[in-house]
Q: 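I have a structure I would like to understand better, so I am pasting it below and will then ask my questions one at a time.
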Amino acid sequence: MISRDAPGQGQPGGSLRLAGKTVSRLGLGTMGLTGPGNWGAPPDPAEAVRLLRTAVGEYGVTHIDTADAYGPHTVEELIRRALHPYRDELLVATKVGLVRPGPGVYEPLGRPAYLRHAVEASLRRLGCECLPLCYLHRVDGTVPLPDQLGTLTELRDEGKIGGIGLSRVTADELDRARALAPIAAVQNPMNPARGHDAALDRCRDLGLPYVAYRPLGKGRLVGQGPGPVLGRLLSLGPHVAVIPGTTRVDHLRQLVEAARAAGGSG
């Protein structure tokens, strides 16, 4: 139920279809719900749980984005603690294919056995039988792409993944991937400080959702106000969703208000 204090009703930013669900174009990125270097638990896990519950329960956010690399593993566990059992309208998207040797360090790992293990582990941590949307967090250049996507396709056919997504890919990489597997979404960094991303146009042409992460440039663009920044991104097309991150409920409210003003609600 939307509380009386929520900034409006409906899905903030409007809605789009993502992996078979109609979700809010404003999602919530959860990378920041960790310790320094995106390592370990956040300083106040109870506050992180409150943030997640507020986003979904009060503000109508129906798209939560996470990854097994966040923590690693701790954010998926927080999401389960905060939101399980999941509402039918809620999409929790996760990512596999990055390992964490230490704080602030990320390395692609796309070996088929590892990807299968990672998906099975995310299922256990999130407490579900199927990951509705699972991204390949990074393409591992040391492993043939058909092997990486073939493993995710097998897991989809087994009912353990709903949709396969790609993260941080070029338009050419997207085209190569689509020849190997059905791709449900692309997630790339996008904000007004970055150059044009040709994958954005390719997704529009293909009718694929394009999920913009770091829309506020890791906070560097907050001074411009979230409204103009999110508004500019949402105006790039109805296939665009944004997943800003925050650790504070008051900042979450500002993001929701900005998305409603920029993209409406519905």
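We number each residue from 1, following the sequence as shown.
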Q: Is the shortest side-chain N to carboxylate O distance from Arg81 to Glu77 below 4.0 Å?
A: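 Salt bridge absent between Arg81 and Glu77.
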
Q: Hey, what's the ring geometry for His84 with Tyr86, parallel, tilted or perpendicular (30° and 60° as the breaks)?
A: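 Ring orientation of His84 relative to Tyr86: perpendicular.
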
Q: Atom CD1 in Ile79, atom CG in Leu33: separation rounded to 0.5 Å?
A: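 Going from CD1 on Ile79 over to CG on Leu33, the span is 7.5 Å.
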
Q: Is it the case that one hydrophobic cluster holds both Val119 and Leu133, taking links as side-chain heavy atoms less than 4.5 Å apart, direct or via other members?
A: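 No, it is not one cluster - the side chains of Val119 and Leu133 are not joined through contacts under 4.5 Å.
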
Q: Quick one: are Pro189 and Arg194 in side-chain contact, heavy atoms under 4.5 Å?
A: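 Counting from C-beta outward, Pro189 and Arg194 do come under 4.5 Å.
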
Q: Is the Tyr135 to His137 ring centre distance short of 6.0 Å?
A: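 No.
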
Q: Given side chains that start at C-beta, do those of Asp201 and His196 come closer than 4.5 Å, heavy atoms only?
A: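 In contact.
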
Q: With Pro244 as reference, evaluate Leu233, Leu26, Asn191 under the side chain to side chain contact (heavy atoms under 4.5 Å, CB included) test and give the passing residue.
A: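 Only match with Pro244 under side chain to side chain contact (heavy atoms under 4.5 Å, CB included): Leu26.
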
Q: Answer yes when Arg124 and Glu129 have at least one side-chain N-carboxylate O distance shorter than 4.0 Å, and no when they do not.
A: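 The answer is no: the pair does not qualify as a salt bridge.
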
Q: Within a 6.0 Å radius of atom CG on Asp157, are there more than 12 heavy atoms belonging to other residues, nucleotides or ligands?
A: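 Enclosed.
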
Q: Of the options Leu52, Ile243, Leu51, which is the one that meets Thr30 in a side chain to side chain contact (heavy atoms under 4.5 Å, CB included)?
A: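 The option that passes is Leu52.
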
Q: Look up atom CE in Met31 and atom CG in Asn38, then write down how far apart they are to the nearest 0.5 Å.
A: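 The distance works out to 3.5 Å.
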
Q: Take a 6.0 Å sphere around CZ of Arg178 and say whether it holds more than 12 heavy atoms from other residues, nucleotides or ligands.
A: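 Not more than 12 within 6.0 Å, no.
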
Q: Can you tell me how far the CG atom of Asp88 sits from the OG1 atom of Thr62, to the nearest 0.5 Å?
A: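 Between atom CG of Asp88 and atom OG1 of Thr62 there are 12.0 Å.
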
Q: Just by distance, do the side chain of Thr74 and the backbone of Gly40 share a donor-acceptor pair under 3.5 Å?
A: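 Checking the backbone N and O of Gly40 against the side chain of Thr74, a donor-acceptor pair under 3.5 Å is found.
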
Q: Rounded to the nearest 0.5 Å, what separation is found between the CD atom of Glu158 and the OG1 atom of Thr153?
A: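 Rounded to the nearest 0.5 Å, the CD-OG1 separation comes out at 11.0 Å.
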
Q: Evaluate Val169 against Val186 for side chain to side chain contact (heavy atoms under 4.5 Å, CB included), listing each step before the verdict.
A: CA-CA 8 Å; Val169 292; Val186 168; 4.0 Å; yes

Q: When you measure from the side chain of His239 to the backbone N and O of Leu200, does any donor-acceptor pair fall under 3.5 Å?
A: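 Here the side-chain-to-backbone pair exists.
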
Q: So does Pro12 get a backbone contact from the side chain of Arg25, meaning a donor-acceptor N/O pair under 3.5 Å?
A: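 Checking the backbone N and O of Pro12 against the side chain of Arg25, no donor-acceptor pair under 3.5 Å is found.
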
Q: Find the distance between OG1 (Thr151) and CZ (Arg116) and round it off to the nearest 0.5 Å.
A: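 The distance works out to 7.0 Å.
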
Q: Is any side-chain N of the basic residue among Glu257 and Arg260 closer than 4.0 Å to the acidic one's carboxylate O?
A: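 No, no charged N to carboxylate O under 4.0 Å.
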
Q: Atom CZ of residue position Arg204 - does it have more than 12 heavy atoms of other residues, nucleotides or ligands inside 6.0 Å?
A: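 Counting neighbours around CZ of Arg204, more than 12 heavy atoms of other residues, nucleotides or ligands fall under 6.0 Å, so yes.
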
Q: Measuring from atom OG1 of Thr94 to atom CD of Glu76, what distance do you get when rounded to the nearest 0.5 angstrom?
A: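 Going from the OG1 atom of Thr94 to the CD atom of Glu76 covers 4.0 Å.
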
Q: Taking atom types as modelled and ignoring hydrogens, do the side chains of Thr142 and Asp140 form a donor-acceptor contact shorter than 3.5 angstrom?
A: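 On atom types as modelled, these side chains qualify, holding a pair under 3.5 Å.
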
Q: Taking only Lys NZ, Arg NE, NH1 and NH2, and the carboxylate oxygens of Asp or Glu, determine whether Lys160 and Glu120 approach each other closer than 4.0 Å.
A: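 Yes, Lys160 and Glu120 are salt-bridged.
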
Q: Any Lys/Arg nitrogen of Lys95 or Asp68 sitting under 4.0 Å from an Asp/Glu carboxylate oxygen of the other?
A: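 Result for this pair is no, no salt bridge flagged.
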
Q: Can you name the closest pair of heavy atoms from Ser122 and Val96 and give their distance?
A: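 Scanning both residues, the minimum pair turns out to be OG-CG1, 4.2 Å.
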
Q: Applying a strict under-4.5 Å side-chain criterion to I, L, V, M, F, W and Y, I'd like to know whether Val139 and Ile161 cluster together.
A: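 Shared cluster, yes.
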
